[in-house]
Amino acid sequence: MTTLHIDWTACHGRGLCAELLPELLATDPWGYPIARTGGDVDVPAELHADAVTATKFCPRLALRLRAR
Ligand code: SF4
């Protein structure tokens, strides 16, 4: 299992990651991503590839995948 961590100090709130991972992320009223489950996001195996894509495409390098 991996978790997806959002670095709020780096994020610029355009919501690209929420578009790439709608199963796990939503956006707040200002466009910042929020975990649908709160806190760091547990990434199920079937969404791992999508989470890697979102991490790679984050323009601010604000996403990190961490092994648990
Ligand atoms: S893609 Fe990166 S910069 Fe854009 S909203 Fe998501 S975490 Fe923030």
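Keep in mind the model is a prediction, meaning the values are calculated, not measured.
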Is any side-chain heavy atom of Leu25 less than 4.5 Å from a side-chain heavy atom of Val41?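 Yes, their side chains come closer than 4.5 Å.
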
Scan residues 26-35 for pairs that pass side-chain hydrogen bond (donor to acceptor under 3.5 Å, both in side chains), counting only residues two or more places apart or in two chains.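 Output for this query is empty, none listed.
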
Quick one: pull up [atom1] in [X] and [atom2] in [Y] and give me the separation to the nearest 0.5 Å.
X     : Y    : atom1 : atom2 : result
Leu65 : Thr2 : CG    : OG1   : 5.0 Å
Thr55 : His5 : OG1   : NE2   : 11.5 Å
Ile34 : Ile6 : CD1   : CD1   : 9.0 Å

Considering only residues two or more places apart or on different chains, which pairs with a residue in residues 42-57 satisfy salt bridge (charged side-chain N to carboxylate O under 4.0 Å, His left out)?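 Qualifying pairs, neighbours excluded: Asp42-Arg68.
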
What salt bridge (charged side-chain N to carboxylate O under 4.0 Å, His left out) pairs are there with at least one residue in residues 12-23, not counting sequence neighbours?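 Sorted result for residues 12-23: empty, none.
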
Between Leu21 and Ala51, which heavy-atom pair has the shortest distance, and what is it?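 So the minimum-distance heavy-atom pair works out to CD1-CA, 3.6 Å.
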
Can you name the residues that form a salt bridge (charged side-chain N to carboxylate O under 4.0 Å, His left out) with Arg64, not counting sequence neighbours?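 If we apply the salt bridge (charged side-chain N to carboxylate O under 4.0 Å, His left out) test to Arg64, skipping adjacent residues, there are no hits.
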
Report the hydrophobic cluster partners of Leu20, with the cluster defined as I, L, V, M, F, W, Y residues connected by side-chain heavy atoms closer than 4.5 angstrom, directly or transitively.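 Grouped by the 4.5 Å side-chain rule, Leu16, Phe57 form the rest of the cluster around Leu20.
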
ILVMFWY cluster membership beyond Leu61 - transitive side-chain contacts under 4.5 angstrom: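 Its cluster mates, by chain and number: none.
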
Does Arg36 have any side chain to side chain contact (heavy atoms under 4.5 Å, CB included) partners at least two apart in sequence or in another chain, and if so, which?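 For Arg36 the side chain to side chain contact (heavy atoms under 4.5 Å, CB included) partners, ignoring immediate neighbours, are Ala26.
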
Only counting residues at least two apart or in another chain, list the ones meeting side chain to side chain contact (heavy atoms under 4.5 Å, CB included) with Ala62.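 Asp7, Ala10, Cys11, Cys58, Arg60.
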
Joint hydrophobic cluster, Leu4 plus Met1, side-chain heavy atoms closer than 4.5 Å: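 Different clusters.
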
Partners of His12 by side-chain hydrogen bond (donor to acceptor under 3.5 Å, both in side chains), sequence neighbours excluded?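 His12: no side-chain hydrogen bond (donor to acceptor under 3.5 Å, both in side chains) contacts found.
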
